[in-house]
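Below is one structure; the comments refer to it alone.
So that the names make sense, note that chain A is the first sequence line, chain B the second, and so on, each numbered from 1.
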Amino acid sequence: MSAVIERSLAAEPPAAGQRERVARAAHALAAWIASPRPWLALLGFVLVAGFWHLAVEVWKLPRFAGMPGLVATWREFTSRDPVYGLSLYTPEYYVHILASVRRVAEAFALATLLGVPLGLMLGWSRGFREYVFPVFEMLRPIPILAWVPLAILMFSGTESPVIFLTFLASFFATALNTMLGVESIDESYVRASRCLGARPWQVFVHVVVPGALPSIFTGLQISVGVAWFSLVAGEMVSGEAGLGYVINTSYTNVRYPTIVIGMVTLGAVGYATSALVRLAGRWLMRWRAREHGDAR
Amino acid sequence: MNGAMQLLGVAKSYGEGAARRPVLEGLDLDIPAGRLTVIIGPSGCGKSTLVRLLAGFERPTRGSVTLDGRPVGGADRRRLVVFQESALFPWMNVADNVAYGPRARGVRPQGWRPQAAALLERVGLRAFAGRYPSQLSGGMQRRAELARALVNEPEVMILDEPFRGLDAMTRELMHAYYADLFEETRRTQCFVTTDIDEAVFLADRLVVMSHAPMRVREVIEVDLPRPRRAADVLASDRANDIKMRALTLLHEEAMRAFAGGSRAAGDFLAAYARRRAPAVPTPETRA
Amino acid sequence: MNLLADPRTRATRRALVSLVAFALLWELGARSKAWFGVAVPWVGHVPPPSAVLAAWVRLLGDPGYWQSWVASLLRVLAGFTAAMAVGIPLGLLLAMNRVCRMIFFPVLELLRPIPPLAWVPAAILFWPTQELSIAFVTFVGAFFTIVLNVVGGAGAIDVRYFQAARAMGATGWNVFRRVVLPATVPAIVVGAAVGMGITWEVVVAAEMISGGGSSGATGGGMGFFIWNSYIGGAYEQIVVGMISIGIAGYACSEALRRLGARVTPWLVRA
Amino acid sequence: MRAEAPRRGRLSIEDVVKTYGRGEAAVAAVDHCSIEIPAGEICMVVGPSGCGKTTLLNAIAGFHDITSGRIVLDGETLCGPGRPQARPGADRVVVFQNGALFPWKTVLDNVCFGPRMQGRAGAREIEQRARALMAEAGLAGCERSYPAELSSGTRRRVEIVRALMNDPSVLLFDEPYRALDSLTRSVMHESLLQTWYRDPVTIFFITHDLEEAIFLGHRLVVMTARPCRPKAVIEIDIPHPRDYGVLTSPRFRALMAEASALVREEAEQAFAAGDAER
């Protein structure tokens with residue numbers, strides 16, 4: 001009987017775990033295709049795009065008349081020689097995307113670099129929080145865009161104010177969520193580590209940081225969204241390149257289809273960047289992913 | 001006397017194709033009217049699936065589930081469930097929770113109000129009628145849930161490990177409460193648990209289930225006198241024999257469950273295998 | 001009982017110390033050019049708190065300042081209530097009806113990342129008056145947050161509540177009114193509080209970008225007031241505007257949170 | 001059995017009092033509690049929920065202070081007059097009610113955590129000892145898994161091995177098996193006894209489950225309702241080694257009857273008062 005136990009107790013070889021996960025993912029995908037879900041989602045898009053097309057270009061409803069139509073925008077977007085100079089094939093389109101993405105990346109990195117440590121300290125040491133959090137909480141409610149004039153005063157040129165605004169939004173979101181993350185760590189983990197002889201700084205490194213990680217990544221995802229929010233505003237007010245700038249100038253120069261191109265691109269790039277953050281989170285916190293996957 | 005339920009050749013599996021997971025195969029089970037049937041089996045053997053089938057939340061893949069001979073439809077008030085974690089509506093106070101069933105069915109207040117008040121009194125919660133569930137202790141929540149079910153006068157009560165998670169003392173007092181309620185109402189009860197002492201104390205009929213596929217391994221008639229008192233059951237040799245019999249059956253099932261790869265039983269056998277304990281130091285000899 | 005040692009007063013004492021220190025540093029930094037000849041980077045170009053305070057006292061008497069407050073508040077409330085009026089029912093519909101959810105949820109999910117301000121040009125084109133276009137952008141800002149929160153909240157209701165309700169004979173409408181709605185209220189409150197925060201952000205930006213709306217200089221709202229102060233060189237007023245909006249935004253969110261707490265008495269406060 | 005120096009772990013709790021809050025808002029949790037636990041004994045502490053048992057355990061572990069009295073371990077005062085709060089340390093490791101394995105560390109890293117933090121030995125040596133101890137407890141093979149992948153029973157046993165890696169003088173259990181179903185719990189009992197037979201460390205075990213208390217303990221301290229102090233001490237003279245067959249022996253049932261009578265009065269008082277015993 002003990003032979004039965006020894007053989008079964010040995011955990012199955014990890015390779016099987018890997019293969020099993022891939023098989024399960026493939027199976028889930030097949031089930032998703034078979035289910036009505038993707039087709040209904042497509043129906044949703046068709047309905048919205050269809051209404052937009054009909055309202056503007058076919059029925060020409062009041063108010064919709066002046067708007068850029070679906071077909072017009074699509075033709076502009078995919079033409080080799082776009083009327084207003086911006087389409088998939090013009091390098092300028094990618095220059096603007098790059099300008100915006102670079103600004104968000106720069107501001108997001110800075111916000112993470114400053115926000116996460118500050119959040120960890122705010123959550124970990126009560127003294128530090130009692131001194132620093134009141135000022136933090138006083139500045140946080142001020143709408144990011146109210147900082148625009150001050151940003152222009154404080155920073156020379158047109159580039160740094162935009163970066164500052166984008167940074168500010170992300171910074172507050174990241175620091176706050178990191179702090180909440182530290183506070184939400186189950187106290188028994190901290191106590192267990194102290195029982196096992198860990199000194200305070202070891203508790204910080206081995207318990208507080210990994211324990212707060214899930215909330216840190218929630219914060220980072222919000223921070224990316226907020227970064228794009230304030231980037232657009234910044235670029236509209238004082239930018240020279242970037243998607244916000246494109247949208248604004250397209251409006252002033254009556255290049256309406258380009259407005260829509262700008263908006264859709266912003267949506268897509270914004271979605272991609274937050275997906276990137278989600279993936280990084282999932283990869284860094286593998287122990288969580290396994291929790292839902294393999295636990296029998 | 002109605003309220004007899006029967007499962008004939010019931011099979012249930014989840015998922016399709018490669019991921020099909022059969023949980024039940026060809027299960028035959030009798031739940032006689034007016035008696036307290038306790039169902040016990042190793043964890044992970046499909047007891048919760050059985051509860052969902054009896055309650056009508058799910059349909060069997062094959063076979064039939066009948067109440068007094070008639071096949072069971074969806075969930076309805078003739079077969080009410082008390083879940084493992086409380087399903088009291090957190091946003092309603094105790095009184096509204098208890099009154100929910102009759103009100104939802106449009107029964108006139110004169111029809112249920114006196115009985116609801118009596119039930120609240122009976123479970124000792126009249127003073128807490130205005131409280132929200134989150135303001136009650138575990139034991140009090142369970143009593144409120146029993147009252148909420150009983151006010152609808154179900155023919156069968158299905159309980160899925162309702163007292164798990166309560167501390168042992170509250171559990172003991174809840175056992176007494178529940179047994180008295182049963183002896184008063186004599187409604188058919190189907191009580192699912194993994195706790196042997198709870199099973200022996202409560203049951204008229206103890207059904208020990210096998211593991212994967214879940215089948216009736218043995219039915220033990222618990223002919224202890226009623227009303228049951230904890231002290232008497234503890235002292236009774238008959239109760240002790242029943243407990244030993246059930247324990248042995250369950251250990252054998254755990255052995256088979258382990259061969260089926262169930263992790264929970266795996267711990268069981270891993271520890272159980274090394275019964276040959278080493279020579280033993282007692283604290284006194286060494287100090 | 002040593003007053004100083006009591007944790008509560010110690011916390012407030014430390015808060016005061018830090019706020020005063022912040023103000024002092026700001027004052028020093030701002031006046032660094034005048035007092036020390038060399039401007040401290042960034043802070044050097046910002047008006048000092050003393051000047052801001054003086055400007056604020058002066059502004060308290062100026063009706064234009066208060067009109068800007070009212071204009072912004074009205075726009076926020078208009079956009080916010082519209083977002084709630086459309087967002088909550090839609091959210092509940094999507095939560096209750098699986099087919100609707102599978103059709104419209106993906107579309108909403110893709111429109112959400114488009115920053116609300118990107119809608120400003122399209123809104124100006126679409127709506128006849130600037131007032132309406134600002135309100136629309138405010139609406140967009142809060143709408144997505146509220147809908148997604150409601151769908152999330154309603155979707156997270158424990159299935160056992162439905163099973164219990166149905167077993168006791170409750171029909172569709174009763175289940176909606178007595179189970180789904182109350183269980184979703186906490187998510188609605190969270191969505192509203194976050195939505196309110198976003199509306200303030202959007203109103204200020206929209207007012208700044210579109211020149212403060214049709215009702216001229218004074219009725220332009222706080223955003224315009226700030227932008228106007230910047231153009232006019234009255235830098236102290238910029239900071240007054242910033243802090244005023246901060247207070248307004250915080251007050252509105254706090255009011256919502258309090259209202260939320262009253263509406264959900266069963267939620268045990270931590 | 002490894003020969004080793006006379007066993008450490010003599011714990012004496014001398015007239016300990018603990019009250020929360022001040023003035024009229026003060027709530028007494030522990031009221032003049034004195035318990036002497038000889039080295040190597042499994043001392044079970046039973047009492048109604050919310051009576052202050054956990055407060056006592058937390059005081060021994062050093063998670064918070066005591067108002068008066070003394071707690072001494074092997075002659076060294078952990079906390080007492082002049083030093084109200086003990087310093088948490090690896091000589092008194094706590095096994096928590098809902099488990100406290102670090103979910104973000106593999107099982108092996110969890111088990112090696114204590115010695116690695118204290119830097120008591122080389123990395124390789126620590127890992128070797130960890131693998132040996134895990135094999136002894138029948139946990140070979142799950143070194144690289146994460147806690148979330150294990151069954152709750154296995155997680156509890158890993159947590160005990162993690163504690164034993166530090167050669168503690170006392171193991172402090174705070175209702176560790178409460179969340180488990182009864183069958184898994186009986187497995188945990190047998191596995192804990194096996195571990196104790198191999199290395200008889202002093203165990204201070206809080207529980208509300210009388211069967212668990214009598215099956216495992218040498219002695220059973222019955223606590224009163226809040227504020228808790230020892231109401232009675234029952235010697236459990238069932239010989240070791242014990243296995244599940246003991247549960248139905250006459251002596252066991254007699255002890256169960258005696259203990260549950262004692263505890264019932266306290267529970268009914270708490271039950272009637274309807275205070276939140278969650």
Side-chain angles (χ1 to χ4, degrees), chain A residues 1-2 4-18 20-21 181 184-217 281-296, chain D residues 54 57-58 60-64 86-107 109-120 135 138-152 154-155 159 162-163 165-166 168 170-172 174:
Chain A
M1 200 238 319
S2 62
V4 171
I5 293 152
E6 256 51 35
R7 194 157 31 73
S8 320
L9 258 188
E12 78 281 0
Q18 205 60 27
E20 192 189 304
R21 253 196 302 286
S184 67
I185 294 175
D186 185 336
E187 199 189 10
S188 49
Y189 291 136
V190 173
R191 285 181 164 178
S193 60
R194 288 179 59 206
C195 259
L196 297 167
R199 281 181 295 281
W201 64 272
Q202 289 172 319
V203 174
F204 188 76
V205 170
H206 289 280
V207 174
V208 173
V209 173
L213 221 48
S215 303
I216 289 177
F217 268 91
R282 196 164 299 150
W283 178 78
L284 206 61
M285 295 186 283
R286 283 186 304 286
W287 51 272
R288 273 170 68 92
R290 282 196 183 175
E291 189 174 72
H292 314 298
D294 294 357
R296 269 195 298 279
Chain D
T54 306
L57 181 137
N58 286 340
I60 301 169
F63 297 150
H64 58 61
R87 217 168 50 78
D91 54 348
R92 290 150 288 129
V93 185
V94 175
V95 176
F96 295 86
Q97 181 169 117
N98 300 316
L101 284 182
F102 304 126
W104 48 81
K105 286 180 184 293
T106 62
V107 165
D109 291 342
N110 262 289
V111 171
C112 300
F113 184 81
R116 277 186 188 151
M117 289 301 114
Q118 297 150 43
R120 290 216 313 234
L139 293 166
C142 55
E143 285 85 353
R144 271 203 313 284
S145 322
Y146 282 97
E149 299 169 58
L150 308 173
S151 71
S152 43
T154 316
R155 271 203 296 270
E159 200 163 345
R162 178 174 75 172
M165 273 290 285
N166 304 280
V170 181
L171 272 182
L172 302 168
D174 182 5

Run through A/V209, A/V207, A/L284, A/L213 and flag the one making a side chain to side chain contact (heavy atoms under 4.5 Å, CB included) with D/W104. A/V207
Smallest heavy-atom separation, A/S188 atom then D/G99 atom, equals OG-O, 4.4 Å
Atom pair CZ/CD of D/F113 and A/Q202 - distance to nearest 0.5 Å: 7.0 Å
Please find the pair of heavy atoms, one from A/Y189 and one from D/P103, that lie closest to each other, and give the distance. OH-CG, 3.5 Å
Check each atom of D/L172 against the heavy atoms of chain A and say whether the ones under 4.5 Å are side chain, backbone, both or neither. neither
Under 4.5 Å to a heavy atom of chain A? For D/N98 that would be neither
Identify the residues of residues 190-197 of chain A whose heavy atoms come closer than 4.5 Å to a heavy atom of chain D, ordered by number, or report 'none'. A/R191, A/A192, A/S193, A/R194, A/C195, A/L196, A/G197
Sequence-distant partners of D/A163, side-chain contact (heavy atoms from CB on, under 4.5 Å), two or more places apart: D/V93, D/L171
Given a strict heavy-atom distance threshold of 4.5 Å, which part of D/F63 is in contact with chain A: side chain, backbone, both, or neither? both
Ring centres of D/F102 and A/H206 under 6.0 Å apart? no
Shorter than 4.5 Å, heavy atoms on both sides: which option in D/M165, D/R92, D/R162 has the most such pairs with chain A? D/R162
